[in-house]
There are 2 protein chains.
Amino acid sequence: MSQPVALNLAAVIVAVTEGQPRVLTVTGPDGRPAIPSGPLSDDDSTLERALRHWIRDQAGIEVGYVEQLYTFGDRDRGFTAGWRNVAVGYLALVHEAAPSPGAAWLDCYELLPWEDQRTGPPPSFDASIQPALAAWVSDDPDRANRVAAVFGDAPGFDGIRVLDRYELLYEAALVAESYADHGVAVPDDLPGSTAMLGDHRRIVATALGRLRGKLTYRPLVFELLPDEFTLLELQTTVEALAGVQLHKQNFRRLVERNRLVEGTGQRADSTGGRPAELFRFRPDVILERPRPGLGVPYR
Amino acid sequence: MSQPVALNLAAVIVAVTEGQPRVLTVTGPDGRPAIPSGPLSDDDSTLERALRHWIRDQAGIEVGYVEQLYTFGDRDRGFTAGWRNVAVGYLALVHEAAPSPGAAWLDCYELLPWEDQRTGPPPSFDASIQPALAAWVSDDPDRANRVAAVFGDAPGFDGIRVLDRYELLYEAALVAESYADHGVAVPDDLPGSTAMLGDHRRIVATALGRLRGKLTYRPLVFELLPDEFTLLELQTTVEALAGVQLHKQNFRRLVERNRLVEGTGQRADSTGGRPAELFRFRPDVILERPRPGLGVPYR
DNA sequence: CCCTTTATGCTCTATATGAGCATTACTAGA
DNA sequence: TCTAGTAATGCTCATATAGAGCATAAAGGG
């Protein structure tokens, strides 16, 4: 009655470089990018240890912060016939985009272009997705509410609902996986977003949503930054992840009021303009405030 | 090299009755309460469907809202020797505490008494846990920060950190599982909290934390209430889950400003005092506001 | 010395939150 | 009928926070 379970640990390994969030990818069997995944070894007493274990072995990367995301076990996520393929997805943050053999850093917003709202809706959204969604809605007006709810014209674009948006686009047949999953040829007039192996783009969407959510109440950004940074670097990193632009002075005020950082007294040899003070994360904040983070707005 | 994986779906089924949050439990092999769990059947295409399937079959309960929580796979969570026992934990909300054969509703705060701060710290906390924690801290002053961070003397008790608190108490050997997990006899001077089978209390703690967190930005409470309710019933239910008391007038203001409910024009035949208007959930709010919920404070 | 660029300090307003006072509409019982 | 008890409901006030913008400072390059 019961297929055996093949359990894998899949990792969305995130770094932010040059103001862009990136995920580590390997090349999947069909040539499409895939997130790395590895086995649950009997040697490791916990799932998280097993994850760190194979990431170290395979990619040579020592990840810092690790958090379990979600377990994916749909029957059709078949990589091994005769088995129920289950993956436990993890989010892992690393300080710098170290290159590793066979792996490449892929821009998050190549995978999910509509999530980058830093300079307003991205060109591909206005040009292709928006009209295609409008057409999809006109087929069934009840869909209008759902589109509005996640892409939010009036009420606002809620940064954390990354997965909801991906799933809506999937349902509206606006991502490559909508076709690939059913063995149908992918049309070539699709909005230009990079597809991934199997349900891996879903897993990345889950990761980005979780990361955005946690940013606001946990000091996760500092896992992605060097030890010392300027406030602009901090802001740029937050903006990169949140996908929205922030008001500089207000961001500074927020960070200082919440006592998330402390000045080092050092100045950064600036790239242009007045030199900025270098700051470092103040770990004690975790003990002082119940939910230390940067309350990113998301409208 | 690899043990076979035994995968189960475990459900924390929550209802709120008479102002108390309760979880559905069955009797475990050792007589201790356990949360119900069932198999991942090949007939079910998704994990969630499999979960609903066996809950319907076994408990005769049709659950409403269902959300995946976390996957537990520590090597020592052994129920079946020779297998890696993995459980995917789910949170499920039901409207009413329907009785079911072989199952019983257990008060959440019997399992986690320290989480009920509605009338201040509960007696058992001040009487036993607080002093025991103080002793534990005096063994190693570095622990003081950790205790303060989760039980929050100065900074505040953060409602969502349920799991952190349970894990701290586990480490401080203040819950029965600290002993049972190592096959040691449980001392009888432990603070009076009900233990569960294996890591089930951890799973319940995870569920309560998640539920508390989501309350603030998703209209989950209404999954636990009847179709029509008074604002006091709504408030009482929120307080029960959040474990804190709320200011009545401000709560009403919040609910009305956010347009979460609409009046029915009917009045409740009151149990005492002026009759209250009956309200119902306004589902459209999900489409109007990006994050509709009751921003519970948690200090 | 002027211009560009970024850092940093400060203000003003709208809104949200926390706390409390006051009044109203019922029930139960003297 | 009058009185007390219990909630419901309306309103105010102080404080905190978020959003937006003005102004000045400190660097480098022509």
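Every chain is numbered from 1, with letters handed out A, B, ... down the list of sequences.
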Expressed in angstrom and rounded to an integer, what is the separation of [X] atom [atom1] from [N] atom [atom2]?
X	N	atom1	atom2	answer
B:Q266	D:dA8	CD	P	17 Å
A:Q245	D:dA18	CD	P	19 Å
A:R267	C:dT5	CZ	C1'	16 Å
A:R274	D:dA27	CZ	P	7 Å
B:L278	C:dC26	CG	P	14 Å
B:E277	C:dC26	CD	C1'	15 Å
B:L294	C:dG18	CG	C1'	17 Å
B:K248	D:dT6	NZ	C1'	8 Å

Any [X] side-chain heavy atom under 4.5 Å of [Y] side chain:
X	Y	value
B:K214	B:Y65	yes
A:R202	A:Y166	yes
B:L24	B:W105	yes
A:F279	A:T264	no

State plainly whether the residues B:E228 and B:R280 are in salt-bridge range, i.e. N to O under 4.0 Å.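 Salt bridge: yes.
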Return the nearest nucleotide to the side chain of A:L232; candidates are C:dA7, D:dA8, C:dT8.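 Selected nucleotide: C:dA7.
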Report each atom pair, protein N/O against N/O of nucleotides 9-12 of chain C, whose distance is under 3.5 angstrom.
| from | atom 1 | to | atom 2 | distance (Å) |
| --- | --- | --- | --- | --- |
| C:dG9 | O6 | A:Q249 | NE2 | 3.2 |

Ignoring hydrogens and angles, state whether a donor on the side chain of A:R201 or A:S193 is under 3.5 Å from an acceptor on the partner side chain.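 Yes - a donor-acceptor pair under 3.5 Å links their side chains.
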